[in-house]
Amino acid sequence: MADESLFDFLHMEIVSHIYKEQQSNKEEMDNKDRAVCVSVLESMGFRVGQGLIERLTRDSPSFKDELDVMKFVCKEFWTKVFRRQVDNLRTNHQGTYVLQDNKFSLLTQLSNGKQYLDQAPKYLAFSCGIVRGALSNLGMDSVVTAEVSVMPSCKFQVVVQKL
């Protein structure tokens, strides 16, 4: 339980620090400033995801295909990072995957409902980076985006880039 709280608090502090640093001498942030913050958080998450997946797959056999990789991410990786499995994985079998988490741990600190929906993207950027970094180390270049319609439910869309 203590580890869960520590990770949640660390995540909130990282987000807060990045946004305060960007806003330091300005009265109000514009969209460009917010985009910079999201990019920094996503980059940090990318590196964390790369490191975590290296440790988790060290003793694992190689994966047969993309779907096996995504199943591993949804079950094993998600459990290690967010303390629960993804609730639903959907795919169109053409490189697009949707991972749905109905109680996403990094959004549970925000109020349920639609009151803070505009704040959700800054709390999801790091997580998108973690997923993208993990997939990158498994040989899948991707674009990962997150969508929230009702707190704390979240959908992560993964679009695999074909080379």
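Keep in mind it's a predicted model, so treat the numbers as computed, not measured.
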Subject >> Cluster overlap V143 with V48, hydrophobic side-chain contacts below 4.5 Å >> reply: no

Original post:
Hey, what do you get for CZ (F7) to CZ (F82), rounding to the nearest 0.5 Å?
Top reply: 6.0 Å

**OP:** Could you tell me whether a side-chain N or O of D101 sits under 3.5 Å from a main-chain N or O of C154, the two making a donor and an acceptor?
**Re:** no

Original post:
Are any of the side-chain heavy atoms of M44 and I18 separated by less than 4.5 Å?
Top reply: yes

**OP:** Look up atom OG1 in T91 and atom CE in M70, then write down how far apart they are to the nearest 0.5 Å.
**Re:** 8.0 Å

**OP:** Answer yes if the side chains of D87 and Q85 hold a donor-acceptor pair under 3.5 Å, and no otherwise.
**Re:** no

Subject >> Stepwise ring pair (Phe, Tyr, Trp, His ring centres under 6.0 Å) check, F77 with F72 >> reply: CA-CA 6 Å; F77 183 74; F72 179 84; 7.6 Å; no

Original post:
Mind checking whether I14 and F9 sit in one hydrophobic cluster, side chains of I, L, V, M, F, W, Y counted as touching below 4.5 Å?
Top reply: yes

Original post:
Do you reckon L10 sits in the same ILVMFWY cluster as F46, going by side-chain contacts under 4.5 Å, direct or chained?
Top reply: no

**OP:** Would you please classify the geometry between the W78 ring and the F156 ring as parallel, tilted or perpendicular, with 30° and 60° separating the classes?
**Re:** perpendicular

Original post:
So, the side chain of T96 versus the backbone of N92: is there a donor-acceptor pair under 3.5 Å, distance only?
Top reply: no

Original post:
Hey, are the side chains of K155 and R90 touching, using non-hydrogen atoms and a 4.5 Å cut-off?
Top reply: yes

**OP:** Search all heavy atoms of Q100 against all heavy atoms of V86 and return the closest pair with its distance.
**Re:** O-CG1, 3.2 Å

**OP:** Determine, using the 4.5 Å side-chain heavy-atom cutoff (strictly less than), whether V159 and L89 are members of one ILVMFWY cluster.
**Re:** no

Subject >> Joint cluster assignment, V131 & V148, ILVMFWY side-chain distance < 4.5 Å >> reply: yes

Original post:
If you measure from CG on L56 to CG on L138, what distance do you get to the nearest 0.5 Å?
Top reply: 9.5 Å

Subject >> Side chain proximity check, S153 to K103, heavy atoms < 4.5 angstrom >> reply: no

Original post:
Is the backbone of D30 close enough, under 3.5 Å, to the side chain of R34 for a donor and an acceptor to pair up by distance?
Top reply: yes

**OP:** Drop me the distance from L67's CG to C74's SG, to the nearest 0.5 angstrom.
**Re:** 9.0 Å

**OP:** Starting from the C-alpha separation in whole Å, work towards a yes-or-no answer on side-chain contact (heavy atoms from CB on, under 4.5 Å) for M140 and E66.
**Re:** CA-CA 8 Å; M140 293 172 57; E66 276 183 10; 3.9 Å; yes

**OP:** Drop me the distance from R132's CZ to T145's OG1, to the nearest 0.5 angstrom.
**Re:** 12.0 Å

Original post:
R84 and N102: which non-hydrogen atoms are nearest, and at how many Å?
Top reply: NH1-N, 4.0 Å

Subject >> V81 and L52, any side-chain heavy atoms less than 4.5 Å apart >> reply: yes

Original post:
Under a 4.5 Å cut-off applied to non-hydrogen side-chain atoms, are L106 and L124 in contact?
Top reply: no

Original post:
Would you find more than 12 non-hydrogen atoms of other residues, nucleotides or ligands less than 6.0 Å from K122 atom NZ?
Top reply: yes

Subject >> Validation row: V69, L135 side chains within 4.5 angstrom (heavy atoms) >> reply: yes

Original post:
What are the two closest heavy atoms between S105 and R83, and how far apart are they?
Top reply: CB-NH2, 3.4 Å

Original post:
So do the side chains of Y123 and L41 get within less than 4.5 Å of each other, counting heavy atoms only?
Top reply: no

Subject >> Test: K71 and D65 ion pair at under 4.0 Å >> reply: no

Subject >> Flag, side chain of S39 to backbone of A35, donor-acceptor distance under 3.5 Å >> reply: no

**OP:** List the steps and the verdict of side-chain contact (heavy atoms from CB on, under 4.5 Å) for L99 and Y97.
**Re:** CA-CA 7 Å; L99 293 67; Y97 301 87; 4.3 Å; yes

Subject >> Donor-acceptor contact present, side-chain S142 to main-chain V144, <3.5 Å >> reply: no

Original post:
At what distance, to the nearest 0.5 angstrom, does SG of C37 lie from NZ of K20?
Top reply: 12.5 Å

**OP:** Classify the side-chain pair Q23/D33 by whether it contains a donor and acceptor separated by less than 3.5 Å.
**Re:** no

